[in-house]
Structure formats: structure tokens, C-alpha cells
Enquirer: 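Got a structure for you, questions after.
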Amino acid sequence: MKCGAGAVLAAGCLASLGMGGSAFEARADQGAATKVYVCPPCGLDCDKLTFDKPGNCPQCGMKLIPLGGGEDSPPAVAVLLFNGAEIIDFAGPWEVFGTAGFLVHTVAESLEPHTMVFGQKLVPDYTFDNSPKADILLVPGGGVGRSMNNPRLIQWVQAKAKDVNHVMSVCTGAFILAKAGLLDGLNATTTYGMEDALSKSGTNIKVVYPRRFVDAGKIVTTAGLSSGIDGALHLVSKILGSGNAQSTALGMEYRWSPDSEYSRAALADRYLPDGLQFGNPNLRGARATMLSTEGDTDRWETRILVSEPKTPAEIVDLLGKRIKSNTSHTRGPVVLGGTAGSSRIKWKFTDDQGRGWRGVGIAAPSPDEKDKFVLTLRLARDRQSG
């Protein structure tokens, strides 16, 4: 049985109620055994049990491993930790690797508690000086600026990368790999909005999007956040085969599409004016909050509630200035249409892939809040342009 963390805990609860395998039944005759197997640490009572053959723990369901290691030991994963690391960047892949039966440990510069994004605190298992041998190096993203300027961390990543079979970054973790010189001459990806910056972070780095992950051989880079789950499942598939990866995804209740090219960077709001991209309601010169933002790769609609300025014409004037001067990922000029002093504006442009787009912005009094206005922006691919 392969199961995710929730199923592991549920199995442990059943065992404690006498509904699972008992410790007496599970305990092996160590005197007659040629090899001893144990349950990977899960925090339950079965951590204390030993077994005389491989298989799965009858209490928590985790895959048993040889005590003290051996040729049939599962792959080991070293997770780099640093202050400001994004939780899902390592927690998602950790769930994948753990469900697949891999052994996961954490490594940081010191054993002091490290603070992750959103305040989660973690105590690393090892330091750069005593980290054990691993098969996979996982480098998460998050607030990576300080880590990129930490020579010890970069040197450890460089050395560890030579010693492992696979290196995987998630989100902005790609910038740490780039700083270490590991992405030079390779295809790579990163989180949305950071593609151009990554391409300039090394020598001849070709940033590929929209992709959930990019396999460049030994090194796999993924897009942002939850994309790390897909990258980890891809590595499980490379190491154990697609069947094991599929079983792992099902055990996690995760809908895995190995060939999916979905990524946040591909969605159409990428082509809204800066400040209004990626779910933000920031229109310079206005006070606004988000009402809704949704769409797909070919169309988008964003609605923001504006309390300042106090007329539709002023709001549209601000929007026009942002569209004209701050629409990125385009080829050539952005062409505006509409009448000065109007509550409506139109624009069109060609994106960085040669595709035409048309947009419209409309400001109207809010039906729900007095003296406030709803600014609606609609963007759609011009199908006649290809």
C-alpha cells in the first residue's frame, strides 16, 4: 500500500485502536534475519518496529527500508533549506518523494531553526558540513536573494550537484542554480514573471514557457509553487518508471498530467498593463481593490473597485497611460482607441510571440457601493492575426 500523509496518519490511528497490524505480529525474529528492515520515521509507534523482509509497514503503510542502508535502499533526497524558502516548493515534492518511498532529509548552513515564508519554522537535519550522500538535490525558491549572495551556500550546491544523480529546482530556486553556474547553456524555467530575469542570470540560459517543468538531463527546473509536484513526479517516473509515478500521484489524490504544458506564465493576464498583471489591482494613481480576475490562455477579464479618482473619465485616463507606457511582452507599439474624456477605452497590440490582442476597458458606477466605480478590463486574442 502506498499512501499520502493523511492516509498514513489514518492507518496509524486504526492501528492504535487495534484495527491494524499489531506490533507483535509485525516484529521479526531478528536472530534469524540476514537483513533488518525498519519503517522510515513517521512519528508513530511503528518507528520502533523491525522487520525481517522488505514490504510495507502494516501500521502506517510506508515502504520499509534496510536498517543501516544497503544496495536496495531507496533513493535519498537532500532538501536545501534557507530563511525565506517557500513552503510548497519543498513540501509538495517532499510528499511526492515520500509517497514514492524515497528518503528525504533537510540541509542548511546551520542547525538553528529556519523561518520559511508565512512564518513556518523548521530545524534542519544536517548542515553543509555533515550532509549525507544523496541521489537527488532539491532546491526550493522563495526569497532567494540572500541565499544567492551566500558563498557557502552556493559552494555547497555546486559540490552537491556533482555528487548526486539529479538536481531539481522549484520556482525561484532556479536562480540559485543559475548563480552556481548550473544552468549555463541549458533550457530552464521558473515562476511566472521571472523568465526574463532568469535568462540574464547566467550564460546562454534559454528560458522555456509555458511549461510545468523542463528536463535538461541531470537538471530539472520547474515553474512556480505547485509545479514542483509535477517535477517531482517526473523524477519518480525517470527513476522508478511511469507506473510508480502514476501510483504515487493517485496515492496523493493528485491529478497528474505528465504532458501538460499549463503554467501560470501562459495565462492571458500576462499581457495586461504592469500592476494589473497576475491578479493585482494596482493602477498607479488610483485606489482600488480586486473584485474578480479570471480567464485562460486566450482571454481574460479583470474587475477592480475604484474609490479614487472620482469620475469614470479620470479612471480611464489613468488606465490609458498605463496601457501605453507599461504593457510588457509586446512587439511594437500599443495602439489606443477611444475618445478623450470617455468612460471607455480600446487598445490593440502584438505580443512577444507575434500574436495579436485586443482589449477594452470600461469604467461605470458601482451598483453596490456609493461613489465608487467598477473598472472592467477585457483582453482577448485576435484570431485573425494567428
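Keep in mind it's a predicted model, so treat the numbers as computed, not measured.
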Enquirer: Looking only at atom types and distance, does a side-chain atom of Glu308 sit under 3.5 Å from a main-chain N or O of Arg287, one as donor and one as acceptor?
Expert: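 No: the side chain of Glu308 does not pair with the backbone of Arg287.
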Enquirer: Just by distance, with hydrogens left out, do Thr222 and Ser227 show a side-chain donor and acceptor under 3.5 Å apart?
Expert: no
Enquirer: Can you tell me if Arg378 uses its side chain to pair, donor with acceptor, with the backbone of Gly361 under 3.5 Å?
Expert: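 Such a contact is absent between Arg378 side chain and Gly361 backbone.
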Enquirer: By the definition side-chain contact (heavy atoms from CB on, under 4.5 Å), identify the one residue from Ile176, Thr221, Thr190, Ile219 that meets it with Ser169.
Expert: Thr221
Enquirer: For residues Asp125 and Thr106, is any side-chain donor paired with an opposing acceptor at under 3.5 Å?
Expert: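 There is such a pair (donor and acceptor under 3.5 Å, judged by atom type) between the side chains of Asp125 and Thr106.
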Enquirer: In terms of side-chain geometry, is the basic nitrogen of Asp196 or Lys200 positioned less than 4.0 Å from the acidic oxygen of its partner?
Expert: no
Enquirer: For Lys162 and Val167, run side-chain contact (heavy atoms from CB on, under 4.5 Å): C-alpha distance rounded to whole Å, both residues' side-chain angles, the deciding distance at 0.1 Å, then the answer.
Expert: CA-CA 9 Å; Lys162 294 177 181 178; Val167 177; over 6 Å; no
Enquirer: Look only at the side chain of Asn280 and the backbone of Gln277, and say whether a donor-acceptor pair between them is shorter than 3.5 Å.
Expert: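 Answer holds: yes.
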Enquirer: Do Leu291 and Leu276 sit in the same hydrophobic cluster, where Ile, Leu, Val, Met, Phe, Trp and Tyr count as joined when their side-chain heavy atoms come under 4.5 Å apart?
Expert: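 No, Leu291 does not connect to Leu276 through the hydrophobic network.
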Enquirer: Please walk me through it: do Phe90 and Val170 pass side-chain contact (heavy atoms from CB on, under 4.5 Å)?
Expert: CA-CA 8 Å; Phe90 59 84; Val170 181; over 6 Å; no
Enquirer: For the side chain of Ser237 and the backbone of Leu233, is there at least one donor-acceptor N/O pair under 3.5 Å apart?
Expert: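 Not at all, since once roles are kept as given, no pair shorter than 3.5 Å links the two residues.
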Enquirer: We want to know whether Thr248 and Trp256 form a side-chain donor-acceptor pair, criterion being a heavy-atom distance below 3.5 angstrom.
Expert: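 No - no donor-acceptor pair under 3.5 Å links their side chains.
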Enquirer: Do any N or O atoms from the side chain of Lys63 and from the backbone of Gly98 form a donor-acceptor pair under 3.5 angstrom?
Expert: no
Enquirer: Where the side chain of Asp47 meets the backbone of Cys42, is there a donor-acceptor pair that is under 3.5 Å apart?
Expert: yes
Enquirer: In this structure, are over 12 heavy atoms from other groups packed under 6.0 Å from Arg331 atom CZ?
Expert: yes
Enquirer: Cut-off 3.5 Å, side chains only: do Arg264 and Tyr209 have a donor facing an acceptor?
Expert: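 The answer is no; no qualifying pair exists.
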Enquirer: Is there a side-chain contact between Leu235 and Val220 (heavy atoms, below 4.5 Å)?
Expert: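 Side-chain contact under 4.5 Å: yes.
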Enquirer: Mind running salt bridge (Lys or Arg N to Asp or Glu O under 4.0 Å) on Arg270 and Asp351 for me, showing each step along the way?
Expert: CA-CA 10 Å; Arg270 174 186 185 86; Asp351 69 20; over 6 Å; no
Enquirer: Please determine whether the number of non-hydrogen atoms from other residues, nucleotides or ligands lying under 6.0 Å from atom CD of Gln353 exceeds 12.
Expert: yes
Enquirer: In this structure, is the centre-to-centre distance between the rings of His105 and Tyr126 below 6.0 Å?
Expert: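 For Tyr126 and His105, the ring centres are under 6.0 Å apart.
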Enquirer: Under a 3.5 Å threshold, yes or no: a donor from one side chain and an acceptor from the other, between His166 and Asp135?
Expert: no
Enquirer: Give me the ring orientation class for Trp357 and Tyr271: parallel if the planes are under 30° apart, tilted from 30 to 60°, perpendicular past 60°.
Expert: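 Taking Tyr271 first and then Trp357, their aromatic rings sit tilted (interplane angle of 30° to 60°).
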Enquirer: Tell me if the NZ atom of Lys206 is crowded by more than 12 foreign heavy atoms within 6.0 Å.
Expert: no
Enquirer: Pairing donors with acceptors under 3.5 angstrom, does anything connect the side chains of Tyr262 and Asp296?
Expert: no
Enquirer: Give me the atom names and distance for the closest heavy-atom approach of Val214 to Arg211.
Expert: CG2-CB, 4.2 Å
Enquirer: Evaluate side-chain contact (heavy atoms from CB on, under 4.5 Å) for Phe278 paired with Thr293, printing each intermediate quantity in order.
Expert: CA-CA 9 Å; Phe278 308 131; Thr293 182; over 6 Å; no
Enquirer: Is any side-chain heavy atom of Phe102 closer than 4.5 Å to one of Ile239?
Expert: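 Yes, close enough: below the 4.5 Å cut-off.
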Enquirer: Taking atom types as modelled and ignoring hydrogens, do the side chains of Thr189 and Glu195 form a donor-acceptor contact shorter than 3.5 angstrom?
Expert: no
Enquirer: Tracing side-chain links under 4.5 Å among I, L, V, M, F, W and Y, which residues wind up in one group with Leu111?
Expert: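 None; Leu111 is a cluster of one.
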Enquirer: For Tyr37, which residues count as a ring-ring contact (aromatic ring centres under 6.0 Å, His included) partner, sequence neighbours excluded?
Expert: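 Applying ring-ring contact (aromatic ring centres under 6.0 Å, His included) to Tyr37 gives none.
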Enquirer: For Glu369 and Ser307: C-alpha separation, side-chain torsions, deciding distance, then whether side-chain hydrogen bond (donor to acceptor under 3.5 Å, both in side chains) applies.
Expert: CA-CA 9 Å; Glu369 299 196 43; Ser307 56; over 6 Å; no
Enquirer: Which residues satisfy the side chain to side chain contact (heavy atoms under 4.5 Å, CB included) test with Ala266, sequence neighbours excluded?
Expert: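 In terms of side chain to side chain contact (heavy atoms under 4.5 Å, CB included), with neighbours along the sequence ignored, Ala266 is linked to Pro210, Ser263, Thr297.
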Enquirer: Ignoring hydrogens and geometry, is there a side-chain-to-backbone donor-acceptor pair from Thr327 to Ile323 under 3.5 Å?
Expert: yes
Enquirer: Give a yes or no answer on whether the side chain of Glu86 reaches the backbone of Gly141 with a donor-acceptor pair at less than 3.5 Å.
Expert: no
Enquirer: Using atom types as modelled and distance alone, determine if a side-chain donor or acceptor of Asn56 lies under 3.5 Å from a backbone N or O of Gly61.
Expert: yes
Enquirer: When you measure from the side chain of Asn149 to the backbone N and O of Arg146, does any donor-acceptor pair fall under 3.5 Å?
Expert: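 The answer is no, because no donor-acceptor pair under 3.5 Å joins these two groups.
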Enquirer: Give the C-alpha distance, both sets of side-chain angles, the deciding distance and a yes or no for side-chain contact (heavy atoms from CB on, under 4.5 Å) between Trp347 and Val335.
Expert: CA-CA 5 Å; Trp347 72 98; Val335 179; over 6 Å; no
Enquirer: What residue among Leu80, Leu153, Leu81, Asn150 forms side-chain contact (heavy atoms from CB on, under 4.5 Å) with Glu109?
Expert: Asn150
